[in-house]
Amino acid sequence: DEALALLFDLMTAHFNTVSGMDFPKEWLRLAISEIVLPGGAFDVMYEGVIRHVHTLYTRLVAEYLGRPAESREMMVLA
């Protein structure tokens with residue numbers, strides 16, 4: 001289905017863009033350690049970047065599936 005293919009293309013392009021960026025190793029270490037064991041820096045990363053991207057993907061997936069974006073199921077699926 002075209003909508004699903006476009007959503008997949010968007011997510012793939014986003015992943016390729018982010019993974020191709022040349023982040024300083026210190027930033028990557030901090031990001032990974034905060035994801036594994038969240039602390040104060042995770043809240044800053046989440047509110048600054050992750051929440052916005054996750055909210056967008058949650059809404060797109062929910063719209064595609066015809067389900068409420070606010071549901072826990074959609075938050076996990078996205």
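Basis for what follows: all heavy atoms, side chains included, without hydrogens, waters or symmetry-related copies. Just so you know, residue 1 is the first one in the sequence shown, and it goes up from there. Just so you know, these numbers come straight off a predicted model, no measurement behind them.
Pairing each heavy atom of A69 with each of A62, the nearest pair is CA-CB, 3.5 Å. Across all their heavy atoms, F23 and V18 have their closest contact at CE1-O, 3.6 Å.
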Report, one line per pair, each donor and acceptor closer than 3.5 Å where one atom sits in a side chain of residues 27-42; sequence neighbours left out.
| unit_1 | atom_1 | unit_2 | atom_2 | d |
| --- | --- | --- | --- | --- |
| S33 | OG | R29 | O | 3.2 |
| S33 | OG | L30 | O | 2.9 |
| E34 | OE1 | G39 | N | 2.6 |
| E34 | OE1 | F42 | N | 2.9 |

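L10 and Y64 fall within a single hydrophobic cluster, where Ile, Leu, Val, Met, Phe, Trp and Tyr side chains are chained together by heavy-atom contacts under 4.5 Å. By the rule that hydrophobic residues join a cluster once side-chain heavy atoms approach within less than 4.5 Å of another member, V53 and L7 end up as members of one cluster.
In this structure, CE on M75 lies 8.5 Å from CZ on R72, to the nearest 0.5 angstrom.
Looking only at side-chain heavy atoms (C-beta outward), R59 and T55 come within less than 4.5 Å of each other. Counting heavy atoms from C-beta on, the side chains of V49 and M45 never come closer than 4.5 Å.
Partners of H14 according to the ring-ring contact (aromatic ring centres under 6.0 Å, His included) rule, which considers only residues two or more places apart in sequence or in another chain, are Y57. E2 meets the side-chain contact (heavy atoms from CB on, under 4.5 Å) test with L6; sequence neighbours excluded.
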Checking side-chain contact (heavy atoms from CB on, under 4.5 Å) for the pair M11/V61: CA distance, chi angles, key distance, verdict? CA-CA 11 Å; M11 289 178 163; V61 170; 4.0 Å; yes
